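None of the values given here were measured: they were computed from a predicted structure. Side-chain atoms are counted along with the backbone in the values below, which use heavy atoms only and exclude waters and symmetry mates.
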Amino acid sequence: MNTVNIMLAESDKDIQEIADLAEEIWRQHFTPIIGEAQVNYMLDKFQSYPALKEQIGQGGYEYYRLFSSRTPAGYMGIHPEDDTLF
C-alpha cells in the first residue's frame, strides 16, 4: 500500500527538489497547452530554484513536497493574502 506524505520544504536541497519536479511536470503537462517559450518563461520566473528561494525567503510563501511512499510525486505552494489563501 502506498502512503502519501506532505513535507514542508525547509532546506536548499528541498527547494532544489521542487524546482526539479516543476521542470519535469511543467514540461510534460503544459508544453502542449501553452508552448515551450511560455513554459520556459514560467519556470524561470516562478518555479526555478532562485524564484522559489525568493518566494519562500521574502515573499511569505510556503512550498510542500508530496511523496507517494518515498517517491517525490508533486509539490504545492501556498501564500496567505488578506482573507484568502492563494
Side-chain angles (χ1 to χ4, degrees):
M1 182 170 132
N2 285 345
T3 59
V4 175
N5 293 306
I6 301 171
M7 301 178 69
L8 178 64
E10 298 180 284
S11 70
D12 288 342
K13 181 179 180 227
D14 297 344
I15 297 167
Q16 184 61 59
E17 187 173 68
I18 290 172
D20 294 342
L21 277 169
E23 178 93 17
E24 182 176 349
I25 292 166
W26 276 77
R27 293 205 183 283
Q28 279 185 18
H29 183 77
F30 290 108
T31 299
I33 299 168
I34 61 175
E36 186 176 355
Q38 186 65 26
V39 167
N40 289 340
Y41 170 80
M42 296 298 287
L43 286 169
D44 184 54
K45 182 82 173 167
F46 300 107
Q47 303 293 283
S48 64
Y49 173 85
L52 294 167
K53 182 84 171 171
E54 183 176 333
Q55 290 169 34
I56 292 167
Q58 286 114 30
Y61 283 77
E62 292 179 358
Y63 276 89
Y64 294 84
R65 296 167 299 138
L66 296 103
F67 296 87
S68 175
S69 293
R70 294 180 180 210
T71 303
Y75 69 99
M76 66 180 175
I78 61 171
H79 182 256
E81 296 179 356
D82 297 323
D83 294 333
T84 62
L85 186 62
F86 173 75

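Gln58 contributes atom CD, which lies 9.5 Å from atom NZ of Lys53 (distance to the nearest 0.5 angstrom). From Ile78, atom CD1 reaches atom CZ of Phe86 across 11.5 Å, with rounding to the nearest 0.5 Å. In this structure, the separation between OH on Tyr61 and CG on Leu52 is 10.5 Å, given to the nearest 0.5 Å. Considering CG of Asn2 and OG1 of Thr71, their distance stands at 8.0 Å, rounded to 0.5 Å. Note that the CG atom of Leu43 and the CD atom of Glu36 stand 10.5 Å from one another [nearest 0.5 Å].
Contact between Gly74 and Ile25 at its shortest, heavy atoms only, is CA-CD1, 4.3 Å. Looking at every heavy atom in both residues, Ala19 comes nearest to Ser48 through CB-C, 4.0 Å. Ala22 and Gln47 make their closest contact through CB-CB, 3.7 Å (heavy atoms, listed as atom of the first residue, atom of the second, distance). Here the closest non-hydrogen pair linking Ile6 and Met76 is CG2-CE, 3.9 Å. Looking at every heavy atom in both residues, Trp26 comes nearest to Ile34 through CZ3-CD1, 4.4 Å. Across all non-hydrogen atoms, the minimal contact from Arg65 to Ala9 is NE-CA, 4.3 Å.
By the criterion of side-chain heavy atoms lying less than 4.5 angstrom apart, applied directly or through intervening Ile, Leu, Val, Met, Phe, Trp or Tyr residues, Met7 is not grouped with Tyr64; the two fall into different hydrophobic clusters.
Remark: the backbone N or O of Phe46 is paired with a side-chain donor or acceptor of Gln55 at under 3.5 angstrom.
For the pair Arg27 and Glu23, the salt-bridge criterion is met [side-chain N within less than 4.0 Å of a carboxylate O].
Partner Phe67 forms a side-chain contact (heavy atoms from CB on, under 4.5 Å) with one of Asn5, Thr3, Val4 and no other, that one being Asn5.
Using a 3.5 Å distance cut-off with no hydrogens or angles, the side chains of Gln16 and Asp12 do not pair a donor with an acceptor.
In the displayed structure, Glu54 atom CD is contacted under 6.0 Å by at most 12 heavy atoms of other residues, nucleotides or ligands.
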Show your working on side chain to side chain contact (heavy atoms under 4.5 Å, CB included) between Tyr63 and Asp14 and close with a plain yes or no. CA-CA 9 Å; Tyr63 276 89; Asp14 297 344; over 6 Å; no
